[in-house]
Amino acid sequence: MVKVKLRDDIREFENGTTAADVAKALGMGLYKAACAAKIDGKLCDLRTPIENDCALEILTFDNVEGKKAFWHTSSHVLAQAVKRLFPKAKFAIGPAVDNGFYYDFDVEKPFSPEDLEKITAEMKKIVKEGFELERFLLPPDEAVKLLEEMDEPYKVELCREHSDKGEPISFYRQGEFTDLCAGPHLMSVAPIKAIKLTACTGAYWRGDSKNAQLCRVYGVSFPKAAQLEEHLKALEEAKMRDHNKIGRELEYFTTVDYVGQGLPVLLPKGARVVQLLQRWVEDVEQAHGCQLTKTPLLAKRELYKISGHWDHYLDGMFVLGDPDDESKECFALRPMTCPFQYQVYLNRQRSYRELPMRLTETSTLFRNEASGEMHGLIRVRQFTISEGHYVIRPDQLEEEFRGCLELAKYFLETVGLLEDCTFRFSQWDPANPNNKYEGTAEQWDHAQGAMKRILDNIGLDYEVGIDEAAFYGPKLDIQYKNVFGKEDTLVTIQIDMLLAEKFGMYYIDSDNSKKLPYIIHRTSLGCYERTLAYMLEHFAGALPLWLAPEQVRVMPLSENLSEAAQDIEAKLASAGLRVSSDLRSEKIGYKIREAQLEKVPYMLVIGNKELEEGTVSVRSRKNANLGTMSLDDFIAMAKEEIETKAK
RNA sequence: GCUGGAAUAACUCAGUUGGUAGAGUACCUCACUCGUAAUGAGGAAGUCGAGGGUUCAAGUCCCUUUUCCAGCUCCA
C-alpha cells in the first residue's frame, strides 16, 4: 500500500494505482474533469502509476497545466484528422500554447479556410469516436525505426536528438493514430467537446527561416460549447481595444499607401499626446540630472563603422549613397543614437569628477524593418524614443542602473502600463550562429554577472532571455503585450562595457590614470509611438485627462446660447484646458453621444438654467451626470485631476 | 523576407453563373431651437487600391504590384 497525500486528506491505495484511479476513487465528477496530475509537485500523466508515498494533485481544465494537457490532446486530434483527410501530410510539432494549441504540418499546399472547416468536422467525428489514449515506450533505436516506417522525417529528426540520452522514447496512440510525444495527455479524446480552428499560417521548421516553411494550424478547444463561445467573445472584445482600430477611428493616426509601410502619419490628436509625453519626460529627466542633447539624424558611413552597426546592421539602415563605393561619401539615417551622443562626451577630455554624465535626447530613429514586420504604431520604420546614454565610472554602475530602472518604472506607472509589464534579462548566446556578439566570453561574463547582481539586489522578478542581448552587452528589457498577446519591448536598460573603447572615450581618474568608462544605454518611456499604442489599448481609447487631446467640450442646448458657450470655452482655454465647443443645431443627446464616442473626458451642458445661475452642468465620459457647479469649481476639479495625472 | 486573408463612397459593409455600382452612418442644404448616448426632409458623393491581360462586355476570371490584417522569422 502507498500513502497518498491529497488536497484535504491522506489516503491509502494499492501500490501501482494510477493517478486516474485515485481521481475515480475520489469521485466520478473529478475523474471526468481530470486532465493531468502532479506527483510531489511534478507534472505527469494521469496514467502514471503511484509506487511510493507521495503528494498527489489532480489537475482539471481550470488549472493552467491541466488546460495545457487538454489542448495538447486536442492538437493530437487535429493531427489525426489531418492524417485522415491529407494522408501525405508530414508532421512536425504540435504543442499547447497560452491560448490554445497548434500543429505544424508539411503539406504541398497550405490549408484553405474550407480545408479548416473539413478538418474541424473530422476532429468532431474523432471526438465522437471517443478513442482512449494509450501511452507506450520504445527503446531509442526502435523508436527511430517506427518513425521511419511511418515516413515521418521531422519526427525522426526529433527522436534522434532525444535518443542520444539513451532513455526510452514515449509515444501516444489513439485509434489508428500514433505520435511521438512526452505528454501528459487526457485519458481519452471524448472530453474535447468544443473546437475552433482559428488560423492557418506559415511557420519555419525549428523556428529557423533557413529551414522549410510548414503550415501551422492554430486552434482552441474547451470541455463545453459555452466556454468556447465565451472565449471567442472575449477575443472580439479585445479586438475592440486594438490600437490599430481605435487609433484610426479616433483619428490618432493614419497610414497612406504612397507614404510607405511602417511610416504612420500622426494626426493632431496623436501628435498632441506625443508632445505632452515628450515634454513631461524631458522635464522629469532634467530633474534627474540628465543633460539634453540634440544630434543629427544622419551621419557618414564612417561613424557607423566605428560603432560596429555598419557591420552588424547595414541591411536594417536607410543608406543614402552607394554603401560599397568607398570613393564617394555615403550617409545613413540613424538607427540609434549611441555614436552621436558619444560625440558630446568626446568634445573634450573628461575627468572622473564629471561622471556620471547622463545624456538624454528625444531621438528620432530610422530602421528599415523587413516588410512583414510592421504593425500599427507598435512596429514602424521611423519612431522617436527617449534615449539616454549614461557614461559612468565602474563603481557607479549599480546606483546608476537602479536610477534608470526607477525612472522607467515611474514613467510606466504614471501612464498606467507598469502593472502589465514583465521584465526580461536578455543575455547573449555564445553559440549564436550569426556571430552576432562582440567582445570576449570574459567580458560578457563580467557584464552579465554585474547585471545579475544588481537585479538580484533589487529583488526584481525577471525571466531570462537567451540570445536576446544587444551585440555590445546584456539588457534588461521591460516587455508589454498587445491585445492579441504579442509581446514587444517597451523600455530597455543595457550595460555596455565594449563601445567606449571603440570610440576612445576615456576619463582621467583620481590617480591621474586614463580609464575606460562603462556606458548604460537606456530608454525611459521607450518609443512614443509604441507607448501611445499600448495606452490606447489599455484605456480603450479613453486616455487620462492629463493626456486627453480634447479635455472638455462645451455644448449649448440651442443656438441662441452659442455666445455664452464660446465665453465659457474662452475661460476654460485661458485656464489652460484643451477645450472645444459644439455649436451645431443638434439635440443635446446627439452631441453627447458623439462626445462619448470620441471619449471626451468632460462635457459641459449649457442651458438657460445654467446661464441664469452662472453654473455649468458637468457630465463625465464615465456616463455620469455630475450635476451643476460653478465654472471655477469645475476648473479647480479638472486641474487637480490633471496635476495628479489621475488615471 | 515567408505563409494565409483582405482592399468597393469619408467610415462600416452588400454586390448571384461576367451584362448600367447599392445600403446604413458621416458630409452638405433646409426645417426644427431642443435638458444628458442618434429630430425630420432633401442633396451631393465611387477610374471598385494600382498596372497589365482574357472577353462583345470585368468590381467579378488570370498575371504583376502596392497597402492593410493575422502568424512565422527578425528587432542595434
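Order of the sequence lines sets the chain letters (A, B, ...), proteins ahead of strands, with each chain counted from 1.
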Integer-rounded Å distance: B:U36 C1' and A:L626 CG: 11 Å
Could you give the CD-to-C1' distance, from A:E114 to B:G5, as a whole number of Å? 11 Å
Test ring pair (Phe, Tyr, Trp, His ring centres under 6.0 Å) applied to A:Y304 - qualifying residues, sequence neighbours left out: none
Using the C1' atom in both, what is the distance from B:G46 to B:A10, to the nearest Å? 11 Å
Residues 308-319 of chain A vs side chain to side chain donor-acceptor pair (under 3.5 Å), sequence neighbours excluded, gives A:S307-A:H309, A:H312-A:E438
Is the terminal nitrogen or CZ of A:K83 (NZ for Lys, CZ for Arg) located under 6.0 angstrom from the six-membered ring centre of A:F91 and within 45° of that ring's axis? yes
Between CG of A:L214 and C1' of B:U3 the distance, given in whole Å, is 11 Å
Please work out which residues in residues 233-250 of chain A have a non-hydrogen atom less than 4.0 Å from an atom of RNA chain B and list them by number. A:N244, A:R248
Roughly how many Å is it from CD in A:E594 to C1' in B:C34, rounded to a whole number? 16 Å
Which range-with-range stems can be found for RNA chain B when each stem has 3 or more Watson-Crick or G-U pairs in a row and both distances sit under 3.5 Å? B:1-7 with B:66-72, B:10-13 with B:22-25, B:27-31 with B:39-43, B:49-53 with B:61-65
Ring pair (Phe, Tyr, Trp, His ring centres under 6.0 Å) partners of A:F331, counting only residues at least two apart: none
What is the separation between atom CG on A:N99 and atom P on B:A70, rounded to the nearest whole Å? 14 Å
Between B:C69 and B:C13, how far apart are the two P atoms, rounded to whole Å? 14 Å
B:C11 and B:U73: how far apart are their P atoms, nearest whole angstrom? 34 Å
Taking only the C1' atom of each, what is the distance from B:G59 to B:A6 in whole angstrom? 15 Å
So, A:E537 side chain and A:H243 main chain: donor-acceptor pair closer than 3.5 Å or not? yes
Does A:C215 or A:G376 map to a spot on RNA chain B nearer the 5' end, using the closest nucleotide for each? A:C215
Spacing of the C1' atoms in B:C62 and B:A58 (rounded, Å): 11 Å
B:U39 P sits how many Å from A:E586 CD, rounded? 7 Å
Atom CG of A:N560 and atom P of B:C34 are separated, to the nearest Å, by 7 Å
Would you say A:E237's side chain and A:L232's backbone share a donor-acceptor pair under 3.5 angstrom? no
Whichever of A:P113 and A:R381 has its nearest RNA chain B nucleotide further upstream toward 5': A:P113
C1' atom, B:C72 versus B:U36: distance in rounded Å? 50 Å
Name the atoms and distances for all side-chain donor-acceptor pairs under 3.5 Å in residues 372-379 of chain A, with sequence neighbours left out.
from	atom 1	to	atom 2	distance (Å)
A:R379	NH2	A:E369	OE1	3.0

Look at all strands and tell whether A:N625 reaches a base, only sugar-phosphate, or nothing, counting heavy atoms closer than 4.0 Å. base
State whether A:R584 places a side-chain N or O below 4.0 Å from either non-bridging phosphate oxygen (OP1 or OP2) of B:C34. no
Using a 3.5 Å cut-off and no angle test, enumerate the donor-acceptor pairs between side-chain atoms of residues 605-617 of chain A and protein atoms at least two apart in sequence or in another chain.
from	atom 1	to	atom 2	distance (Å)
A:E610	OE1	A:G607	N	2.9
A:E613	OE1	A:T615	OG1	3.1

May I ask you to decide if A:R621's main-chain N or O and A:Q596's side chain share a donor-acceptor pair within less than 3.5 Å? yes
Ignoring hydrogens and angles, does a donor from either the side chain of A:Q261 or the base of B:U67 sit under 3.5 Å from an acceptor on the other? no
Which residue pairs pass the side chain to side chain donor-acceptor pair (under 3.5 Å) test when at least one of the two sits in residues 251-261 of chain A, sequence neighbours left out? A:R248-A:T255
How would you label the contact of A:I592 with the nucleic acid (heavy atoms, under 4.0 Å): base, sugar-phosphate, or nothing? base
When rounded to the nearest Å, what value does the distance between C1' atoms of B:G24 and B:A14 take? 11 Å
Distance-only check: which donor-acceptor pairs under 3.5 Å involve side-chain atoms of residues 334-343 of chain A, not counting sequence neighbours?
from	atom 1	to	atom 2	distance (Å)
A:R334	NE	A:T364	O	3.1
A:R334	NH1	A:T295	O	3.3
A:R334	NH1	A:T295	OG1	2.7
A:R334	NH1	A:P296	O	2.8
A:R334	NH2	A:E361	OE2	3.2
A:R334	NH2	A:S363	OG	2.9
A:T337	OG1	A:S363	OG	2.7
A:T337	OG1	A:E387	OE1	2.1
A:Q341	OE1	A:H389	ND1	2.6
A:Q341	NE2	A:T293	OG1	3.0
A:Y342	OH	A:H521	NE2	3.2
A:Q343	NE2	A:P339	O	2.8

Tell me, please, which residues at least two apart from A:F401 pass ring pair (Phe, Tyr, Trp, His ring centres under 6.0 Å). none
Tell me the interatomic distance from A:D106, atom CG, to B:U3, atom P, rounded to whole angstroms. 14 Å
Under 4.0 Å: is that the gap between some side-chain N or O of A:Y590 and OP1 or OP2 of B:U33? no
When you compare the side chain of A:W205 with that of A:D104, does any pair of heavy atoms fall below 4.5 Å? no
Any residue of residues 596-619 of chain A with a heavy atom less than 4.0 Å from an atom of RNA chain B: A:Q596, A:L597, A:V605, A:G607, A:N608, A:K609, A:E610, A:S617, A:R619
Protein-proximity profile, nucleotides 71-76 of chain B, B/S/- by nucleotide at the 4.0 Å heavy-atom cutoff, equals BBBBBB
A:S581 side chain to A:L583 backbone, donor-acceptor under 3.5 Å: no
Is there a donor-acceptor contact under 3.5 Å from the side chain of A:K155 to the main chain of A:I93? no
Distance between P atoms of B:C68 and B:C61 (Å, rounded): 24 Å
Tell me if a side-chain donor or acceptor on A:S426 pairs with a main-chain N or O of A:P474 at a distance below 3.5 Å. no
